[in-house]
Number of protein chains: 2
Amino acid sequence: MARTAPVPSAVPDSAGAFPVTVDVVALTVRDGALQALVVDRLLEPYRGRAALPGGFVLPDETLEQAAGRELEEETRLTVPAGATGTGPWHLEQLRTYGPLGRDPRGPVLSVAYLLLAPAFGLPAAGGDAAEARWVPVGERSAGLAFDHDGILADGVERARAKIEYSPLAAAFCPPEFTVAELRGVYEAVWGTQLDARNFHRKATGTPGFLEPTGRLGGGGPGRPAELFRLAPGVDPTATVLHPPLLRPVSPGPGAPSA
Amino acid sequence: MARTAPVPSAVPDSAGAFPVTVDVVALTVRDGALQALVVDRLLEPYRGRAALPGGFVLPDETLEQAAGRELEEETRLTVPAGATGTGPWHLEQLRTYGPLGRDPRGPVLSVAYLLLAPAFGLPAAGGDAAEARWVPVGERSAGLAFDHDGILADGVERARAKIEYSPLAAAFCPPEFTVAELRGVYEAVWGTQLDARNFHRKATGTPGFLEPTGRLGGGGPGRPAELFRLAPGVDPTATVLHPPLLRPVSPGPGAPSA
DNA sequence: CGTTGTTGTCGTCAGATTGACGATATCTAC
DNA sequence: GTAGATATCGTCAATCTGACGACAACAACG
C-alpha cells in the first residue's frame, strides 16, 4: 500500500530552546611558552573581565562558522576556511558546557572549540571585545568570565594529550620547521624539557609523521638543521605516533588524566 | 568610586535559540560482542526507523539529567545518579552535532553522550520508543534515523581509544570480574584476539589498574581464576595504563584515528 | 685562517616493555 | 584416574626508551 510522504512532527512545545554560544580556546606557542588568546569584554555581564573569544550562534550558521566569525570579529584573526585537516591551523570541537548556571542572563549552552595555530601577529580587538591579547597559560591572573577558566583548562589538557599520539603539535609550527622547533612546541605545551637526541630519533623515525624537505634551516650559531614538513595527506589528529610519545610523568600525585 | 551592581545585558535578539536534544550511545558487551542500544521511533520524523535513545532537553534540567531521563523513558534502563566516576556505569559527553541539516523539523542541536555499562537485562520500550534492543555494532543494517549512524561510529571509536590508556574497559564489567572477562571486553570492543598470557601480565602488572579481591571465580572447566575489582579511588578515565595497552594495528590502510 | 662556542645528528648502552610461546597448576567432567 | 580446559608464571628475542657520548657543521671572533 502506498504511503503518502510522512509529515514531520513539530518540535515539542515542552522542549527547551536555548541560546547557544561558541567559545574558542585559541592556543599558540610564543616565546617558548604556551599562550591563550583572551579578550576583555565590553558588555555586561562581566564587563571589563577577560574572557575567551566567542559569542552567540546566529540562525542559519554552523557552529564552525560561528567560531570563525566571532574570532575574527573580536580579534581580527582569521581562521582559514576548512581549517580542520588543512593548513597549519587546526580547529576542533572541545566540549559543550551548560546550559544552566553559567550565564547570569539565563541558560546558555556553550559549544567550546579548540584552535591551534602557529605564532602569528598581535590580535586587534573588535566587535564586543575591548582588548585582545595572548596570555601565557598557567600564569596566575584574575579569573576569566563565565566558566571560561574551566574551558581553558580543558582545552589545554586536550592539546597536551593529543600531541602524544598525533602530529597535531605541527599545528603550532609554520608549514616548514626544524625538529628543534617541533621539540620546542612539545616543551611549551607540556612544560617540560625533552632530550634533543631522543626526541630527534623518535620524531624522524616515526613513519607518517615528518617528511624532509631536502633543505636546511639555520642562520644562527650551530649546525644548520634539516627542515621538515608534516607528512603529506596525514590527518593531523590521526594516531600516527604508535607507540605514542608519552609526556614525562611528573613525580607526585597522579598520572596525567584523560 | 563605588559602582552599582552591574545590570546583565540581555541575550541579543539576533542570537539563535535552538532546541537541544541529547542522544545516547549506550554500549555494552554481550555474547562476546560489542552491542549498542537502539530504539524504534514511534513518531515522525523517521517513524519506524531505529535510532539512538534520546530526546529534547527540557528547561531547567542539565544535559546529564536529560540523558538519564530519556534513556529511562525510552528503554526503562536506569542510569544511577552520578554515573560518571562511580559504580560500573560510565557516562560521558561525546560530541555536539548540528544544529543545521540533521532534523527535518528544523535546526536542532544534539549533544551526544557515551554510556558504557555491564551487560544487563533486556531493555523495555517506553516513551516515544516502540522497541528497545541491543544490536551488535558493525552489523550491517538499515541506517539509523537522523545522523545517528555517525554519532554511533564516533562513540564506538571513542570507547576503542579510551580503553588503551584508561581502566574504562572495567565499566563493561560487573564490580568483580576475572582477567579473562576483562580481556573479553577488550576483544569485543577492538574486534581482535588477544594473547591471554600477555594480557594477564599487563593487566595485573599495571599499578593503579586492578586490585585482587582475594577470592576466586570459576564454576566452569579449567583452573578457577582470581577475581579482581577496579583499584579503589581511580578515575575510570584517568591515564592509568602508562605506557598504554595499544590495540593491535590492523594491516592495510591507516593506523587507528583519534 | 684557526679557535671557540653552539646546535644538530648519529649512535651506544642498559633497562623496560612487548609479542610469541612453553610449562605447570588447578579445576570440571567422565 | 584420566582427559580437557582454563589460569598463571615464566623465558626468549625483538623493540623501544632514557641517558649520554661523539662527531659534524655552522657562526662569531681574534
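Chain letters run A, B, ... following the sequence lines, proteins first and then strands; every chain starts at 1.
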Engineer: Under 4.0 Å between a Lys/Arg side-chain N and an Asp/Glu carboxylate O for A/R247 and A/E157?
Structural biologist: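 Between A/E157 and A/R247 there is a salt bridge, with a charged N closer than 4.0 Å to a carboxylate O.
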
Engineer: Nearest-Å distance, CD (B/Q193) to P (C/dC21)?
Structural biologist: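 Rounding to the nearest Å, CD of B/Q193 and P of C/dC21 are 14 Å apart.
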
Engineer: Can we say A/E181 and A/R183 salt-bridge, meaning some charged N sits less than 4.0 Å from an Asp/Glu carboxylate O?
Structural biologist: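 Answer for the salt bridge query: no.
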
Engineer: Tell me: CG of B/D195 to C1' of C/dT18, nearest whole Å?
Structural biologist: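 My rounded result for the distance is 11 Å.
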
Engineer: Rounded to whole Å, please give me the gap between CG in A/L182 and P in C/dT9.
Structural biologist: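 For the pair A/L182 CG and C/dT9 P, the rounded distance is 12 Å.
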
Engineer: Taking CD from A/E226 and C1' from D/dA24, how many angstroms apart are they, rounded to a whole number?
Structural biologist: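 A/E226 atom CD is separated from D/dA24 atom C1' by 12 Å.
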
Engineer: May I ask you to verify whether the side chain of B/R197 and the base of D/dG10 hold a donor-acceptor pair under 3.5 Å?
Structural biologist: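 Not at all, since no donor on one side and acceptor on the other fall under 3.5 Å apart.
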
Engineer: For D/dC16 and A/K202 - does any side-chain N or O of the residue sit under 4.0 Å from the phosphate oxygens OP1/OP2?
Structural biologist: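 Checking D/dC16 against A/K202, no side-chain N or O comes under 4.0 Å of OP1 or OP2.
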
Engineer: Considering heavy-atom distances to DNA chain D, does A/L246 or B/A180 have its closest nucleotide positioned more toward the 5' end?
Structural biologist: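 That would be B/A180.
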
Engineer: For the base of D/dG10, is there a side-chain donor-acceptor partner from B/R201 under 3.5 Å away?
Structural biologist: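 Such a pair does not exist between side chain and base.
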
Engineer: Could you tell me if the ring centre of B/F199 sits under 6.0 Å from that of B/Y186?
Structural biologist: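 They qualify: ring centres under 6.0 Å apart.
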
Engineer: Report the distance from atom CZ of A/F199 to atom P of D/dA19, rounded to the nearest whole Å.
Structural biologist: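 Between P of D/dA19 and CZ of A/F199: 15 Å.
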
Engineer: Just wondering, do B/L63 and A/Y97 contact through their side chains at under 4.5 Å, heavy atoms?
Structural biologist: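 No - every pair of side-chain heavy atoms lies 4.5 Å or more apart.
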
Engineer: Base of D/dG4, side chain of B/R223 - is there a donor-acceptor contact under 3.5 Å?
Structural biologist: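 Between D/dG4 and B/R223, which were checked side chain against base, a qualifying N/O pair under 3.5 Å is absent.
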
Engineer: Of B/G222 and A/F228, whose nearest nucleotide on DNA chain C comes first from the 5' end?
Structural biologist: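 Comparing both residues, the 5'-ward one is A/F228.
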
Engineer: If I take atom NE2 in residue A/H242 and atom C1' in nucleotide C/dG19, what distance separates them, rounded to the nearest angstrom?
Structural biologist: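 In whole Å, C/dG19 C1' and A/H242 NE2 are 14 Å from each other.
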
Engineer: Quick one: B/N198 CG to D/dA14 C1', roughly how many Å, whole number?
Structural biologist: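 Interatomic distance, CG of B/N198 to C1' of D/dA14: 13 Å.
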
Engineer: Between B/H200 and D/dT8, is there a side-chain N or O to OP1/OP2 distance below 4.0 Å?
Structural biologist: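 So the side-chain polar atoms of B/H200 do come within 4.0 Å of the phosphate oxygens OP1 or OP2 of D/dT8, strictly under.
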
Engineer: Take the protein atom CZ of B/R247 and the nucleotide atom C1' of C/dG19, then report the distance between them rounded to whole Å.
Structural biologist: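 Going from CZ in B/R247 over to C1' in C/dG19 covers 19 Å.
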
Engineer: Please determine whether a side-chain nitrogen of the Lys or Arg among B/E164 and B/K162 lies less than 4.0 Å from a carboxylate oxygen of the Asp or Glu.
Structural biologist: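 No, B/E164 and B/K162 are not salt-bridged.
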
